[in-house]
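Numbers here simply count residues along the sequence, with the first being 1. Everything numeric here is computed off the predicted structure, so don't read it as measured data.
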Amino acid sequence: DEVSERVTAAGGRIPPLAILPAGSTNMSAHDLGCGGRLADRLAALLALRDRPPSAWTLERRPPLRVTDARGRARSGFFFGAGTIVRGIRYWHEALAHGGGAGEWGAGAALARVAWGIARRQPPFADALSVGLALDDGPPEPRDLSFLLVTGMRRLFLGIRPFWGPGEGPLACTWVDHRPKGFVRHFPALLRGRGEALAEADGYHGRRPARVAVELEESWVIDGEIFPAAGRLHVAPGTPRDFLRLDGTPARPAAAGDAP
């Protein structure tokens, strides 16, 4: 974001970007229309060199911008804390990135995390103590199982744990420590079926414009774990155009777009 802001300030223009599926789960690539086999998506990208911008399709999204108490900013598409961090550590240490299983390996880690929460097994069931503020509201102390903030429309394996009031560009979901009926409500949580999830039982979903989090534990952006940094501000960054490479129409590129 900082580099692109300097380019824009100097009168330049950021070209459309493509997210190639060369990672472990490729969650962002799938969400932005670039999922699948790396070779296929790379071939689709290279084929655009010989096609006019009118033949491209674009997805315009704002990445997250996470700023800590010292003013350091990091960008990504998914912010998480609590059991999400513990699940990623389990993915790295016990599953060795899922043994090449991609999204299905992440699904296996999710199943283990869910079982740990349901059985109240540490570290998966340990409480995350935070101060959570949405938009301009005051921070409220909470003990959570996990917290996530994203502008994505789907996570790995197509899960969409997003629901709730608000008109903001972010999806903010959190589950209280030791929620009621976790096993029974787990399918509804993955599908974002807010009508089946009660706040009184510990399930919360909102659509804010920005989020502030006070926590003294590690947190994650797009699978990368960072150490505790006190108060964090999570907000949409500058919207960017991303090339879709899977043939799914989004919107045509403008004539002035450059590859």
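A donor-acceptor contact closer than 3.5 angstrom is absent between the side chains of R178 and S145. D126 and H177 form no side-chain donor-acceptor contact under 3.5 Å, judged by distance and modelled atom types alone.
Between P139 and G131, the closest heavy-atom pair is CB-C, 4.4 Å.
The CG atom of L38 lies 8.5 Å from the CG atom of N26; values are rounded to the nearest 0.5 Å.
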Could you pull out every donor-acceptor pair under 3.5 Å between side chains of residues 152-165 and any protein atom, sequence neighbours left out?
| residue | atom | partner | partner atom | Å |
| --- | --- | --- | --- | --- |
| R153 | NH1 | E59 | OE2 | 2.6 |
| R153 | NH2 | E59 | OE2 | 3.4 |
| R154 | NH1 | E103 | OE2 | 3.1 |
| R160 | NE | R153 | O | 3.2 |
| R160 | NH1 | G158 | O | 2.9 |

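A salt bridge links R210 and D136; the closest N-O separation between the charged side-chain nitrogens and carboxylate oxygens is under 4.0 Å. A salt bridge links R86 to E217: at least one charged side-chain nitrogen sits closer than 4.0 Å to a carboxylate oxygen.
Within 6.0 Å of CD in E195 there are more than 12 heavy atoms belonging to other residues, nucleotides or ligands. Other residues, nucleotides and ligands place no more than 12 heavy atoms under 6.0 Å from the CZ atom of R119.
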Q.
side chain to side chain contact (heavy atoms under 4.5 Å, CB included) for L232 and W219? Distances and angles first, verdict last.
A. CA-CA 10 Å; L232 300 171; W219 47 282; 3.7 Å; yes
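Residues V175 and L189 form a side-chain contact, since some pair of their non-hydrogen atoms from C-beta on lies under 4.5 Å apart.
Screening M27, R61, R244 for a side-chain contact (heavy atoms from CB on, under 4.5 Å) with L32, the sole residue that qualifies is R61.
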